[in-house]
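A short worksheet on the structure shown next.
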Amino acid sequence: MVGSAALGRRILTVYVPLALFLVFLLLPFYWMIVVSLKPPTDLFNLRFNPFLIQHFTPKNYLYLFQETAFLVWAKNTLIVSVAATTLALSCSVLIGYALARLRFPGGSAMGVGIFLAYLVPPTLLFLPLAQVVAKLHLYNTYWALIFTYPTFLIPFGSWLLMGYFRTIPREIEECALIDGSSRLGTLFKIVLPLSLPGILSAAIFSFTLSWNEFLYALIFMSSGPLKTIPVGTVSDLIKADVLFWGPLMASALLGSVPIAVIYTFFVDHYVSGLTAGAVKG
Amino acid sequence: MPDLHPAAARPEPLSAGRRGATYPRSLLEREPSLGLLLMLPGTLLLVIFMAYPFFLGLWLSLTDSMIGHPGRYVGLQNFVHLLGDSIFRQTARNTFVYALVTVPFKLMLGLGLALVLNTAIPFRNAIRAGVLMPFIVPTALSSLGWLMLFDPIFSPFSWLLKHWGLITRNINFLGTPVLAIVSVMVANIWRGTPFFAITILAGLQAVPAELHDAAAIDGAGAWQRFWNVTVPIILGVMLVSTLFSIIMTFADFQLIYVLTKGGPANETHIFGTYAYQIGLSATAIGQGAAIALYMFPILAVLAILLLRYLRREVA
């Protein structure tokens, strides 16, 4: 029975490891779902199996919407993410194109500079950056994040788009130039439409990186009404006592859902985007 | 990742560019001026919010500034003082342990996961999206899931172990010195494994099937094919993701901030969280800047290694 031996082998080498990976990687999410749908009394009852829901309740979610500022945080996160993505993407398109196609003084040094900027972690900069933000009177304004997020979005987007622009045959552009199109005209009318998949990748990555950002939002927005979801959840919901676990898990889950949905639809895109030029982990 | 090399950005002059010698062109049509112009908006943002803060940080680290009180120049006093600070020495140890223990685990687990995901499995896209989840959702939020999984009262791990009769009292995962750092490392491995998996998976997809077939015909077993065909091809991707991951793990903040805030008794501080505590919570911003800058030499070495490797790859 060669077939069953091969199947047994496959179960051992593929399905068992896969199941273990799935349990490990999805456990916290499963746990958040379970806790967020339980009444607190069930949580306290240590006779119940904690992995199962005995009495289903939507109360934690209702509490989150009615008694906390979750919806305001969600609005703030959305505004900041969209604005930072738009700003960073515009800059990245221009930089990516310049580095991929144009010869100019200092060009390759600037390319290296952008790459190195990509490797500078926020933890290295946040203290002096906090002073810069204070000097510019940006504390507790959307602008604090809209201007600082591009510091990690632009290097990332520029490299990704640079890789993408290079895949577009130069001849197409040359034809347009000979036909009398201007340089910028070929960028906007020819290169950009052909690069839409790459631009979409860069936009998705930038949006999710902005949505997920924590440190800058924690420092620049934590004392006002403009908190983002991660900051609001961690700083406002966590200081209460254990009764808050349900809403806390509900908030953590709801803050993750938009990102999860985007990725479920774009997972292949995501993989090809990573191979196109830039990674971060 | 062949496209990371800046030198490859040097384009050949366009025919239109050569004609530029005869026809005077506007700033927008000549490559040197257009190139610089296109770089301008992004570079400006990076200079104001990245380069300037970096140098400001260097200056702050040489002063005794407190938040709200501009300080005096004190030379290297902050850096010297930190070397004598037992919490800082613990922080430095923790940071190295945190990065050097978790990265090999993430690499190995990521490689394993990538190999599994690279086979024909049912629901492939859904499973890929699922295993990516830890890496893509906001870390500060997913850490809250771990915070409760490690809770001294509600931890389901404690419940399971008690249920199986292995322990009698709940384990205080985050409140016990060694256990606390192990716990945050588990959460970090959880978060970082999908990153390795997905980048290695991308590398695996570049392995030509014909090579495997040819090796199989020559009588190579699965293990031999893995070592002699697959590994040489994905070695570059593994190296690049490892260097990236060391940088990001070294400079982590969120996981520790949410799970332990550096506690118990400063046992789990890493550079980022200790800089936050000293620089913002304790308002000693000069001192905090110095803590953050202690990361710089290590990050710089890693960045140079990465840059050199990527340059060679393309050349």
Side-chain angles (χ1 to χ4, degrees), chain A residues 14 17-18 21 25-26 28 31-32 50-51 91 94-95 97-105 107-108 110-112 116-117 119 121 123-125 127-129 132 147-148 150-151 154 163 174 177 183-184 212 214-215 230 234 245 248 252 255-256 259-260 263-264 267 271 274-275 277 279 281, chain B residues 3-4 6-7 9-11 14 16 28-29 31-32 34-36 38-39 41-42 45-46 49-50 53 56-57 60 113 116 119 125 128-132 134 136-138 140-142 144-146 148-149 156 159 195 199 202 244-245 247-248 251 253-254 258 272 279 285 288-289 292 295 303:
Chain A
V14 176
L18 184 64
F21 275 120
L25 296 173
L26 297 181
W31 183 244
M32 289 186 211
F51 292 99
C91 295
L94 301 181
I95 291 179
Y97 182 76
L99 291 177
R101 278 288 199 267
L102 304 175
R103 191 198 277 271
F104 57 96
S108 90
M110 280 171 139
V112 176
L116 291 177
L119 298 178
T123 35
L124 191 68
L125 291 182
L127 284 170
L129 190 56
V132 174
F147 283 140
T148 53
T151 55
I154 289 174
E174 287 178 16
L177 286 171
R183 271 327 272 249
L184 282 180
N212 296 359
F214 182 65
L215 180 58
V234 168
W245 278 119
L248 190 63
S256 308
I259 303 301
Y263 274 88
T264 316
V267 66
V271 176
L274 280 175
T275 48
V279 285
Chain B
D3 289 321
L4 282 172
R10 233 172 275 138
L14 288 174
L28 288 178
E29 292 301 306
E31 280 195 31
L34 179 65
L36 290 171
L38 295 187
M39 296 296 292
L45 271 172
L46 290 177
F49 293 100
M50 196 164 212
L56 181 63
L60 283 173
L113 182 56
V116 170
T119 63
N125 273 2
R128 276 189 193 179
V131 298
L132 260 180
I136 59 180
V137 305
L141 296 180
S142 61
L144 292 171
W146 283 103
M148 203 190 163
L149 285 168
W159 185 88
F195 163 72
T199 51
F244 261 108
S245 181
I247 293 176
M248 298 310 158
F253 175 83
Q254 308 188 30
V258 172
I285 199 163
M295 278 191 273

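As the structure is a computational prediction, the values presented were derived from the model and not from experiment. To find a chain, count down the sequence lines: A is the first, B the second, and so on, and within it residues start at 1.
- Put simply, of Ala260(A), Cys91(A), Pro128(A), the one with the most heavy-atom pairs under 4.5 Å next to chain B is Pro128(A).
- The minimum heavy-atom distance between Pro230(A) and Leu141(B), with the atom names listed, is CA-CD2, 3.8 Å.
- Atom CH2 of Trp146(B) and atom CH2 of Trp31(A) lie 12.0 Å apart (nearest 0.5 Å).
- Rounding to the nearest 0.5 angstrom, the gap separating the CD1 atom in Ile259(A) from the OG atom in Ser142(B) is 12.0 Å.
- Looking only at heavy-atom pairs under 4.5 Å with chain A, the residue among Gly57(B), Pro156(B), Ala140(B) that has the most is Pro156(B).
- Inter-residue side-chain proximity for Pro150(A) and Phe49(B) is flagged as unmet; no heavy-atom pair is nearer than 4.5 Å.
- Within the 4.5 angstrom heavy-atom criterion, atoms from both the backbone and the side chain of Phe214(A) approach chain B.
- When the candidates Gly145(B), Gly42(B), Gly35(B), Gly130(B) are compared by the number of heavy-atom contacts under 4.5 Å with chain A, Gly35(B) comes out ahead.
- Among all heavy-atom pairs drawn from Pro17(A) and Val116(B), the shortest one is CB-CG2, 4.1 Å.
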Chi angles and distances behind the side-chain contact (heavy atoms from CB on, under 4.5 Å) call for Met32(A), Leu144(B):
CA-CA 9 Å; Met32(A) 289 186 211; Leu144(B) 292 171; 5.7 Å; no
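- Closest approach of Thr123(A) to Gly272(B), counting heavy atoms only: CG2-CA, 3.8 Å.
- Most heavy-atom pairs under 4.5 Å with chain A, from the set Val258(B), Leu56(B), Leu113(B): that is Leu113(B).
- Of the two parts of Ile285(B), the backbone and the side chain both hold a non-hydrogen atom closer than 4.5 Å to a non-hydrogen atom of chain A.
- The structure places CE of Met110(A) at 10.0 Å from CG of Leu46(B), a figure rounded to the nearest 0.5 Å.
- For a residue to count as touching a neighbouring chain, one of its non-hydrogen atoms must lie under 4.5 Å from one of that chain's; by this rule Phe21(A) touches chain B with the side chain only.
- Nearest heavy atom pair, residue Ala98(A) against residue Leu38(B), reads CB-CB, 4.0 Å.
- With values rounded to the nearest 0.5 angstrom, Phe104(A) atom CZ is found 9.0 Å from Leu34(B) atom CG.
- Residue Ile95(A) holds its CD1 atom at 4.5 Å from CE of Met39(B), rounded to the nearest 0.5 Å.
- A salt bridge does not link Glu31(B) with Arg101(A): every distance from a Lys NZ or Arg NE/NH1/NH2 to an Asp or Glu carboxylate oxygen is 4.0 Å or more.
- Considering every non-hydrogen atom in both Thr151(A) and Leu45(B), the closest pair reads CG2-O, 4.4 Å.
- Within the 3.5 Å criterion, the main-chain N or O of Leu215(A) finds no donor-acceptor partner in the side chain of Gln254(B).
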Steps toward side-chain contact (heavy atoms from CB on, under 4.5 Å) verdict (Thr119(B), Leu18(A))
CA-CA 11 Å; Thr119(B) 63; Leu18(A) 184 64; over 6 Å; no
For the pair Phe244(B) and Leu119(A), evaluate side-chain contact (heavy atoms from CB on, under 4.5 Å) and give the outcome as yes or no after the intermediate values.
CA-CA 8 Å; Phe244(B) 261 108; Leu119(A) 298 178; 3.4 Å; yes
List the steps, then state whether side-chain contact (heavy atoms from CB on, under 4.5 Å) holds for Leu60(B) with Leu127(A).
CA-CA 9 Å; Leu60(B) 283 173; Leu127(A) 284 170; 5.6 Å; no
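- Counting heavy-atom pairs under 4.5 Å between each of Leu26(A), Ile154(A), Leu124(A) and chain B puts Leu124(A) at the top.
- From Leu102(A), atom CG reaches atom CG of Leu36(B) across 9.5 Å, with rounding to the nearest 0.5 Å.
- Of all heavy-atom pairs between Pro32(B) and Pro105(A), the closest is CB-CD, 3.7 Å.
- Residues Met50(B) and Thr148(A) fail the side-chain proximity criterion, which asks for heavy atoms closer than 4.5 Å.
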